[in-house]
Amino acid sequence: MTSRADRINRQRLEKLEGLYDRGVNPYPHRYRCSHTTEQAIALLKQIEENPTEEKAVEVSVAGRIMSHRPMGKVAFLDLRDGSGKIQIYCHRNILSEDSLKLLKKDLDIGDIVGASGKPVRTRSGEASIEVKELTMLAKSLQPLPEKWHGLSDIDTRYRQRYLDLIANTEARDIFLKRSQIITAIRQFLNQRGFIEAETPVLQPSAGGALAQPFITHQHALSRDLYLRIALELYLKRLIIGGFDRVYELGRIFRNEGLSTKHNPEFTMLETYQAYADYNDVMNMLEEMVCQVSRQVLGTDTVKFGDNTISFKPPWQRIELRQAIIEHAGIDFEEHPDAGSLRAKMAARGMEVDPEKGRGRLIDELLSTFVEPHLVQPTFLLHHPVDMSPLAKLKPDNEHLVERFEAFAGGMEIANAFTELNDPLEQRKRFIEQQKSRQAEGEIEEAVDEDFLLALEYGMPPTGGLGVGIDRLVMLLTGQTSIRQVILFPQLKEKSTRDKGERQES
RNA sequence: GGGCCGCUAGCUCAACUGGCAGAGCAGCUGACUCUUAAUCAGCAGGUUACAGGUUCGAUUCCUGUGCGGCUCACCA
């Protein structure tokens with residue numbers, strides 16, 4: 001049986017054999033490029049503007065053959081590298097003999113080649129290289145996706161991201177921007193005297209958030225370890241150690257559901273600034289996002305779905321309590337315990353999990369009724385202490401903390417507070433949290449004594465911030481699924497078992 | 001985990017109510033000295049995701065499985 005795929009593959013293998021037979025290495029070790037395709041085009045323009053300059057200049061470029069237009073004695077190929085694309089013009093009378101053979105007999109779309117020759121403009125005005133030497137740099141044995149429609153099968157795009165990057169320039173742009181966004185964030189923080197830190201990914205207890213962790217095992221010490229679910233507790237240790245401004249941009253792992261807004265591993269920025277409070281952090285965040293947007297996109301206004309979002313400060317500031325009253329019609333201050341709030345929510349026709357504590361119920365109100373409405377950048381302020389075990393109380397209200405969450409495009413993008421630095425109060429909060437987790441039937445976690453010990457040495461007043469980088473990238477690139485901004489998102493394992501069984505039988 | 005939708009050539013997609021599975025790109029052969037989604041002539045390429053069922057006949061209807069998407073739940 002020969003399927004089309006087998007046949008294409010076989011033909012390419014035959015071409016590969018042919019190359020070896022003629023003593024041509026289809027996978028040479030290196031190639032000297034004098035220019036990227038972008039630079040070669042710039043050079044051509046320069047030559048055109050200064051016709052007095054040396055005309056015999058030659059360049060060599062390298063890249064992947066993206067299309068092939070043979071025209072009898074001439075042929076046009078499109079060559080793409082990391083910087084862009086240039087047309088290469090092959091004329092029978094100009095090409096070397098070996099290059100001509102290569103072009104006629106061995107070349108496929110998808111091959112990676114080097115081309116050297118003179119930068120020229122063709123009659124139709126296309127910047128090109130008139131090639132003398134064409135060199136095979138890597139023979140491709142697989143056909144590329146369709147050239148006009150690109151690769152649209154979403155599963156293939158994620159599983160074989162390299163094909164997505166080759167075939168879909170939009171995908172390339174997204175990841176290019178992602179890189180630029182992260183660079184811009186680093187610049188912003190570095191300029192303000194922040195120090196970048198690297199803290200453990202493998203932790204003896206996964207603290208700093210309430211998500212389910214991934215568990216792994218260390219053989220050498222025969223103990224279980226957790227993949228971190230937040231950066232918080234280690235960065236605070238650095239504040240205690242005297243680094244007054246620290247940040248980490250790192251991968252964190254949460255063993256929870258997948259959705260268009262959740263991937264089990266994602267990138268988080270956390271910053272901690274000594275002697276600052278949540279107001280300072282709020283100002284910094286809106287400035288940072290606005291500046292990053294301007295730097296990367298050249299604008300502080302982006303299109304997201306049907307909306308246009310402006311990151312220009314100041315962002316709207318709303319009391320969390322007011323936002324929930326407005327959108328859900330429930331005032332959680334009137335319901336100081338979980339039972340009462342649950343009854344109120346049930347009375348509104350909501351299905352309520354009887355195990356959830358008050359903090360989680362309020363969070364449910366927030367994400368169900370309020371979050372979808374927060375399209376323009378908005379700070380929600382002053383969360384109940386029940387849902388904020390690491391934040392400092394407001395001086396004038398013993399139920400609320402100095403905290404904000406930032407939303408945009410209907411997504412939470414950041415979370416920040418004035419950090420709790422009272423070690424005795426922190427211990428109390430941890431124990432309360434442990435109790436309520438028990439009540440909610442979740443895995444019980446030990447109190448992080450090592451962190452409490454650190455706090456006991458004294459942590460200065462500190463403003464802390466966490467930003468979901470993937471979601472920020474979504475906003476700035478107009479993507480509505482987190483998988484489109486993560487190069488290799490988590491997917492279900494592709495099962496080959498049934499296939500194998502069939503082949504055996 | 002639940003609901004809805006999808007899976008046809010390497011890729012992008014057709015195929016009316018159940019009646020011979022079809023294009024374009026990519027590939028192969030040939031023509032062509034400026035093309036750029038090159039063009040023209042020809043060739044080849046299919047386990048219609050998989051396993052069953054109904055039927056004279058299934059890509060089409062039914063059941064199950066796999067994979068995926070969306071969505072709900074879960075997720076401070």
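Protein chains get the first letters and strands the later ones, always in sequence-line order, with residue 1 at the start of each.
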Colleague: Any chance the rings of A:Tyr278 and A:His382 have centres within less than 6.0 Å?
Modeller: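 Under 6.0 Å, so yes.
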
Colleague: Classify A:Gly150 by what it touches in the nucleic acid, base, sugar-phosphate, or nothing, heavy-atom distance under 4.0 Å.
Modeller: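 Touches sugar-phosphate only.
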
Colleague: Only pairs with both distances under 3.5 Å count, Watson-Crick or wobble alike; so what is the partner of B:U17 in this structure?
Modeller: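 B:U17 is unpaired by these criteria.
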
Colleague: Run through A:Leu151, A:Asp108, A:Ile166, A:Ile65 and flag the one making a side-chain contact (heavy atoms from CB on, under 4.5 Å) with A:Leu144.
Modeller: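 Of all the options given, the one that passes is A:Ile166.
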
Colleague: Going by the rule side chain to side chain contact (heavy atoms under 4.5 Å, CB included), which residues pair with A:Thr169 if we only count those two or more places apart in sequence or in a different chain?
Modeller: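 Partners of A:Thr169 under the side chain to side chain contact (heavy atoms under 4.5 Å, CB included) test: A:Arg80.
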
Colleague: Given that A:Ser481 and A:Asp78 both sit by RNA chain B, which one's nearest nucleotide is further toward the 5' end?
Modeller: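 Nearer the 5' end of the strand: A:Asp78.
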
Colleague: What integer number of Å spans the C1' atoms of B:U60 and B:C7?
Modeller: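 To the nearest whole Å, 14 Å.
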
Colleague: Do A:Arg342 and A:Ser340 get their side chains close enough for a donor-acceptor pair, meaning under 3.5 Å?
Modeller: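 The answer is no; no qualifying pair exists.
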
Colleague: Of the options B:C25, B:U33, B:C34, whose atoms approach the side-chain atoms of A:Thr122 most closely?
Modeller: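 Nearest to the side chain of A:Thr122 among the choices is B:C34.
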
Colleague: What is the nucleic acid contact for A:Asp153, judged by heavy atoms within less than 4.0 Å: base, sugar-phosphate only, or nothing?
Modeller: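 Here A:Asp153 touches the backbone only, sparing every base.
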
Colleague: Between B:U63 and B:A23, how far apart are the C1' atoms? Round to whole Å, please.
Modeller: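 Nearest-Å result for B:A23 against B:U63 at atom C1': 33 Å.
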
Colleague: Looking at every strand, decide which applies to A:Thr260 at a 4.0 Å heavy-atom threshold: base, sugar-phosphate, or nothing.
Modeller: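 Answer is sugar-phosphate: A:Thr260 comes under 4.0 Å of backbone atoms only.
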
Colleague: Between the base of B:C75 and the side chain of A:His262, is one N or O donor paired with an acceptor at under 3.5 angstrom?
Modeller: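 Looking at the base of B:C75, it does pair with a donor or acceptor on the side chain of A:His262 (distance under 3.5 Å).
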
Colleague: Below 3.5 Å, does any donor atom in the side chain of A:Gln87 face an acceptor in the base of B:U35, or the other way round?
Modeller: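 Check passes, donor-acceptor contact within cut-off.
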
Colleague: Does B:G1 have a Watson-Crick or wobble partner in any strand here, with both distances under 3.5 angstrom, and which is it?
Modeller: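 Looking at the geometry, B:G1 pairs with B:C72.
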
Colleague: Rounding to an integer number of Å, can you tell me how far A:Met387 CE sits from B:C75 C1'?
Modeller: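 So the two atoms are 13 Å apart, to the nearest Å.
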
Colleague: Kindly indicate whether the side chain of A:Ser152 and the base of B:U12 share any N or O donor-acceptor pair separated by less than 3.5 Å?
Modeller: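 There is none.
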
Colleague: Which part of the nucleic acid does A:Lys15 contact within heavy-atom distance under 4.0 Å: base, sugar-phosphate only, or nothing?
Modeller: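 Sugar-phosphate, backbone atoms only, no base.
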
Colleague: Quick one: on RNA chain B, does A:Arg121 or A:Leu107 contact a more 5' nucleotide (nearest heavy atom)?
Modeller: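 Counting from the 5' end, the first nearest nucleotide belongs to A:Leu107.
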
Colleague: In Watson-Crick or G-U wobble terms, both distances under 3.5 Å, what is the partner of B:A51?
Modeller: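 Across all strands, the one nucleotide that pairs with B:A51 is B:U63.
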
Colleague: For atom C1', what is the distance between B:C13 and B:A37, given to the nearest Å?
Modeller: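 Here B:C13 and B:A37 have their C1' atoms 16 Å from each other.
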
Colleague: Base, sugar-phosphate, or nothing: which does A:His383 touch, judged by heavy atoms less than 4.0 Å apart?
Modeller: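 Nothing, no nucleic acid heavy atom in range.
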
Colleague: Base of B:U36, side chain of A:Ser67 - is there a donor-acceptor contact under 3.5 Å?
Modeller: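 A donor-acceptor contact between them is absent.
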
Colleague: Answer yes or no: does a side-chain N or O of A:Arg360 lie under 4.0 Å from OP1 or OP2 of B:C75?
Modeller: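 So the side chain of A:Arg360 is within the cut-off, an N or O lying under 4.0 Å from OP1 or OP2 of B:C75.
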
Colleague: Within the structure shown, what part of the strands sits under 4.0 Å from A:Glu256 by heavy-atom distance: base, sugar-phosphate, or nothing?
Modeller: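 Counting heavy atoms under 4.0 Å across all strands, the contact made by A:Glu256 is with sugar-phosphate only.
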
Colleague: Picking from B:A26, B:U33, B:C11, which would you name as closest to the side chain of A:Ile109?
Modeller: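 The closest nucleotide is B:A26.
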
Colleague: Would you please name every residue forming a ring pair (Phe, Tyr, Trp, His ring centres under 6.0 Å) with A:His373, sequence neighbours left out?
Modeller: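 Residues passing ring pair (Phe, Tyr, Trp, His ring centres under 6.0 Å) with A:His373: A:His327.
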
Colleague: Looking only at atom P, what distance separates B:G18 and B:U36, rounded to whole Å?
Modeller: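 About 44 Å, rounded to a whole number of Å.
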
Colleague: Please give the nucleotide sitting opposite B:U12 as a Watson-Crick or G-U wobble pair, both distances under 3.5 Å, or none.
Modeller: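 Looking at the geometry, B:U12 pairs with B:A23.
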
Colleague: Applying the Watson-Crick and G-U wobble criteria at under 3.5 Å, what pairs with B:A31? Answer none if nothing qualifies.
Modeller: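 B:U39 is the nucleotide pairing with B:A31.
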
Colleague: Pick base, sugar-phosphate or nothing for A:Gly466, based on heavy-atom distances below 4.0 Å to the nucleic acid.
Modeller: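 Nothing, no nucleic acid heavy atom in range.
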
Colleague: Can you tell which of B:C34, B:G68, B:C25 lies closest to the side chain of A:Phe76?
Modeller: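 From the listed options, B:C34 comes nearest.
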
Colleague: Ignoring the backbone of A:Met71, work out which of B:C67, B:A26, B:U35 is nearest its side chain.
Modeller: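 So the side chain of A:Met71 is nearest to B:U35.
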
Colleague: Between atom CD of A:Glu419 and atom CZ of A:Arg403, what is the distance when rounded to the nearest 0.5 Å?
Modeller: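 A:Glu419 CD to A:Arg403 CZ: 10.5 Å, rounded to 0.5 Å.
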
Colleague: Considering only atom C1', compute the distance from B:U8 to B:G68 and round it to an integer number of Å.
Modeller: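 About 16 Å, rounded to a whole number of Å.
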
Colleague: Check the phosphate of B:C34 against A:Arg69, side-chain N and O only, distance under 4.0 Å to OP1 or OP2. Yes or no?
Modeller: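 Answer no for this pair, as no side-chain N or O of A:Arg69 is under 4.0 Å from OP1 or OP2.
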
Colleague: Counting side-chain heavy atoms from CB outward, which of B:C67, B:C28, B:U12 is closest to A:His149?
Modeller: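 Taking heavy atoms from C-beta onward, the closest nucleotide is B:U12.
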
Colleague: Tell me whether A:Arg159 is salt-bridged to A:Asp155, with the criterion being a basic N under 4.0 Å from an acidic carboxylate O.
Modeller: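 Answer for the salt bridge query: yes.
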
Colleague: For B:C4 and B:C20, measure between their C1' atoms and round to the nearest Å.
Modeller: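 One C1' to the other, the span is 35 Å.
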
Colleague: Base, sugar-phosphate or nothing for A:Ala75? Non-hydrogen atoms, less than 4.0 Å.
Modeller: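 Contact class for A:Ala75: none.
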
Colleague: Would A:Tyr89 and A:Phe76 count as a close aromatic pair, with their ring centres under 6.0 Å?
Modeller: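 Under 6.0 Å, so yes.
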
Colleague: Could you measure between the two P atoms, the one in B:G52 and the one in B:U59, and give it in whole Å?
Modeller: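 Taking atom P in both B:G52 and B:U59, they lie 14 Å apart.
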
Colleague: Sticking with atom P, work out how far B:G57 lies from B:A21, rounded to a whole angstrom.
Modeller: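 After rounding to an integer number of Å, I get 15 Å for this pair.
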
